[in-house]
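Okay, structure first, notes after.
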Amino acid sequence: MRKLSGFILFLPLLELVLLIAMGAAMGFLVTLLWIVATGIWGVWLMRTAGPNAMARAQRDVAATGRGQIDGLGVAANFLGGLMLLLPGPLTDLLGLVLVTPFLRRLAFGAWLAGKMQQIVVERGGFGSGPGGPGGPGSPDEDGNVYDADPDDIRRDEPRDPRRLDRDRDRR
């Protein structure tokens with residue numbers, strides 16, 4: 001929460017610096033047209049995201065008897081329109097990612113991959129696996145640890161972890 005509030009306080013300053021740099025690189029008139037055009041596009045998206053989704057759902061119901069609204073897509077289009085309405089290249093980029101389905105899936109996939117890595121690396125996994133409860137390297141109720149390679153276990157034999165220890169000791 002602290003990071004988010006810091007980002008929200010820092011965002012206007014960053015947007016101002018980026019707008020000044022954009023004006024210096026492309027000129028004042030082009031920068032002004034950019035701000036106005038993305039603002040108009042943002043307002044249009046905010047006004048049409050919900051009604052367009054409802055119309056699509058009604059067409060689907062008429063054609064197939066079933067219809068559903070992509071609530072996440074509607075919310076992303078609305079939030080993307082809001083980001084486009086705010087002046088600044090950073091919020092425009094974020095708005096573009098939110099309103100473009102391909103970029104939205106790509107960004108969500110990258111975010112989800114980062115969260116999965118955080119769970120696996122920083123928190124020690126999902127609960128099973130190496131070091132997790134019940135995974136390889138975990139002791140049983142007697143305190144014994146049984147660790148085996150998948151090729152050591154044959155499906156036609158009954159599973160006996162003590163047999164694996166005896167086979168390993170013979171090598």
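In this text the structure is predicted, and so the values were computed from the model without any measurement.
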Heavy-atom pair with the smallest gap, counting every atom of Leu96 and Thr100
O-OG1, 2.8 Å
At what distance, to the nearest 0.5 angstrom, does CG of Leu14 lie from CG of Leu11?
6.5 Å
Is there a side-chain contact (heavy atoms from CB on, under 4.5 Å) between Asn77 and Arg104 once you walk through the steps?
CA-CA 10 Å; Asn77 279 337; Arg104 183 171 54 225; 3.8 Å; yes
Of all heavy-atom pairs linking Gly81 and Val99, the shortest is N-CG1, 4.1 Å
Is Leu90 reachable from Leu13 through a run of hydrophobic residues whose side-chain heavy atoms are each under 4.5 Å from the next?
yes
Taking all non-hydrogen atoms of both residues, which atom of Trp34 and which atom of Met22 are closest, and how far apart?
CG-CE, 3.2 Å
Considering only heavy atoms from C-beta outward, does the side chain of Thr31 approach that of Leu19 to under 4.5 Å?
yes
Rounded to the nearest 0.5 Å, what separates atom CG in Leu85 from atom CD1 in Ile35?
11.5 Å
State yes or no: do Leu18 and Leu86 share one hydrophobic cluster built from I, L, V, M, F, W and Y residues joined by side-chain heavy-atom distances below 4.5 Å, directly or via other members?
no
Glu15 versus Pro87: any side-chain heavy-atom pair under 4.5 Å?
no
Val43 and Leu94: same hydrophobic cluster, using ILVMFWY side-chain contacts below 4.5 Å?
yes
Any side-chain heavy-atom pair from Val97 and Leu106 closer than 4.5 angstrom?
no
How long is the straight-line distance from CG of Leu103 back to CG of Leu93, given to the nearest 0.5 Å?
9.0 Å
For the pair Ser5 (side chain) and Arg2 (backbone), establish whether a donor and an acceptor sit closer than 3.5 Å, ignoring hydrogens and angles.
yes
Where do Leu98 and Met83 come nearest, in terms of heavy atoms and distance?
CD1-CG, 4.3 Å
Could you walk me through whether Trp41 and Leu45 pass side-chain contact (heavy atoms from CB on, under 4.5 Å), step by step?
CA-CA 6 Å; Trp41 185 28; Leu45 279 170; 3.7 Å; yes
